Structures are given as C-alpha cells and as structure tokens.
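Remember, it's a predicted structure, so these values are computed and weren't measured experimentally.
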Amino acid sequence: MYSVEIDRSKSLVVISAVQHVTAEEAKRTAQQLRELLNDVAPGFRVLADFRWLESMDPAAARHVAEIMDTLAEKGVASVSRVMPDPHKDIGLNILSQFHYGPEIQIATFETLADALQSLTRE
C-alpha cells in the first residue's frame with residue numbers, strides 16, 4: 001500500500017509505503033499527489049515513511065520517479081526518509097540523484113523519531 005497526506009498548517013507532505021507496493025498503487029499515489037499539491041506554496045517538506053515497506057514492484061519505479069519529479073517541480077525544500085533497513089532502499093537513493101536537484105535537502109533516518117526531530121529543527 002502507498003498513501004499520501006498533507007498537513008497544510010505544517011507545510012508537510014507525508015508519504016507512506018506499507019507491505020508490498022504495486023505499480024498501480026504507486027501510479028494512484030502519483031496522481032493523488034499532483035492534486036494535493038495544486039495550491040501548496042514552494043518550500044514545503046516531505047516525510048517519506050518506509051518503515052513497513054516489504055517490497056515494491058519494479059514497474060512502480062517510473063511512478064516513484066514521477067512522484068519525485070512532481071515534488072521537485074512544486075518546490076519541495078527537503079525530503080526526510082525513514083528507512084530502518086538500508087537493504088530495502090529499492091533504488092531511492094539512485095532515483096533521488098536524477099529527480100531532485102542539489103538545492104533539495106535529502107536525509108535518511110533509521111527511526112521515525114529521528115526524522116521528526118530533524119523536521120522540527122527546520
């Protein structure tokens with residue numbers, strides 16, 4: 001499962017991936033994200049929570065890239081990823097290099113608490 005939520009008061013987009021993510025779920029999330037970001041001002045932050053991700057269809061990669069492109073186009077300031085197991089990276093670090101510019105701060109954390117603490121310092 002893949003989901004996206006937005007907290008406008010905190011300028012925070014939360015993207016979560018749980019269990020097995022299919023290409024169709026990633027595609028729906030990319031579409032939903034575009035709609036949610038229609039009226040969001042540049043400078044928002046993203047918390048991507050991959051704590052419960054078990055696997056992702058390889059075909060989902062193009063939709064994940066589309067999500068990253070949408071975030072970059074809309075002016076994301078930072079991306080904080082929660083990924084306790086670096087072996088489950090699913091290529092996100094490589095995709096990030098191509099879809100986020102150098103002005104976007106990207107940080108990966110082992111725990112949600114560390115990611116949230118980092119977000120409160122921003």
Side-chain angles (χ1 to χ4, degrees):
M1 181 182 82
Y2 221 158
S3 68
V4 61
E5 303 170 69
I6 188 164
D7 183 335
R8 293 181 193 285
S9 68
K10 295 179 181 161
S11 294
L12 181 66
V13 174
V14 179
I15 300 172
S16 303
V18 178
Q19 295 177 340
H20 177 74
V21 174
T22 66
E24 186 58 35
E25 289 168 334
K27 180 180 178 180
R28 272 196 311 272
T29 300
Q31 292 168 342
Q32 183 182 13
L33 180 67
R34 277 193 304 280
E35 293 168 11
L36 284 173
L37 293 179
N38 265 341
D39 59 348
V40 173
F44 63 93
R45 301 161 304 153
V46 171
L47 173 63
D49 186 355
F50 298 107
R51 290 176 298 158
W52 310 114
L53 178 65
E54 293 173 10
S55 62
M56 187 176 290
D57 283 345
R62 76 177 246 229
H63 303 297
V64 172
E66 186 179 340
I67 289 169
M68 291 178 176
D69 288 342
T70 298
L71 293 169
E73 289 167 11
K74 289 302 218 167
V76 65
S78 68
V79 178
S80 298
R81 294 189 293 229
V82 181
M83 191 166 304
D85 183 355
H87 294 100
K88 292 186 179 179
D89 177 277
I90 63 166
L92 290 174
N93 282 326
I94 293 171
L95 280 175
S96 296
Q97 293 173 14
F98 294 102
H99 296 278
Y100 293 136
E103 70 282 355
I104 300 171
Q105 299 175 19
I106 303 169
T108 303
F109 301 91
E110 288 187 17
T111 68
L112 179 60
D114 290 342
L116 292 173
Q117 185 176 33
S118 174
L119 285 169
T120 60
R121 287 189 298 241
E122 288 182 18

Within the structure provided, determine whether V64 and M56 are in side-chain contact (heavy-atom separation under 4.5 Å). yes

F109, I106: one ILVMFWY side-chain cluster at the under-4.5 Å cut-off? no

Who else is in the cluster with V18 when I, L, V, M, F, W and Y are joined by side-chain contacts under 4.5 Å? M1, W52

To the closest 0.5 Å, what do you measure between CD1 (I67) and CZ (R34)? 9.0 Å

Step by step, would you call K74 with L33 a side-chain contact (heavy atoms from CB on, under 4.5 Å)? CA-CA 11 Å; K74 289 302 218 167; L33 180 67; over 6 Å; no

Interatomic distance, K10 atom NZ to T120 atom OG1 [nearest 0.5 angstrom]: 10.5 Å

Rounded to the nearest 0.5 Å, the CG atom of L119 sits from the OG atom of S11 at a distance of 11.5 Å

By salt bridge (Lys or Arg N to Asp or Glu O under 4.0 Å) - contacts of R28 (at least two apart): E24

Atom pair NZ (K27) and CD (E66), whose distance is rounded to the nearest 0.5 Å: 9.0 Å

Return yes if some donor-acceptor pair links the side-chain N/O of S118 with the main-chain N/O of D114 below 3.5 Å, else return no. no

Can you tell me how far CD of E25 sits from CD of Q32, rounded to the nearest 0.5 angstrom? 12.0 Å

L116 vs V82 side-chain heavy atoms within contact, under 4.5 Å: no

Does a side-chain heavy-atom distance below 4.5 Å link M83 with L53? no

Backbone N or O of A59 within a donor-acceptor pair of the D57 side chain at under 3.5 Å? no

Can you list the steps and then say if R45 with L47 is a side-chain contact (heavy atoms from CB on, under 4.5 Å)? CA-CA 7 Å; R45 301 161 304 153; L47 173 63; over 6 Å; no

Check A26 against A60 and note the closest heavy-atom contact, atom names and distance. CB-CB, 3.8 Å

From the list D7, L71, L12, side-chain contact (heavy atoms from CB on, under 4.5 Å) partner of F44 resolves to L71

Please evaluate residues H20 and E54 with respect to the criterion side-chain contact (heavy atoms from CB on, under 4.5 Å), reporting the C-alpha separation (whole Å), side-chain torsions for both, the decisive distance (0.1 Å), and the verdict. CA-CA 6 Å; H20 177 74; E54 293 173 10; 5.7 Å; no

Can you tell if the side chain of L36 reaches within under 4.5 Å of the side chain of V4, non-hydrogen atoms only? yes

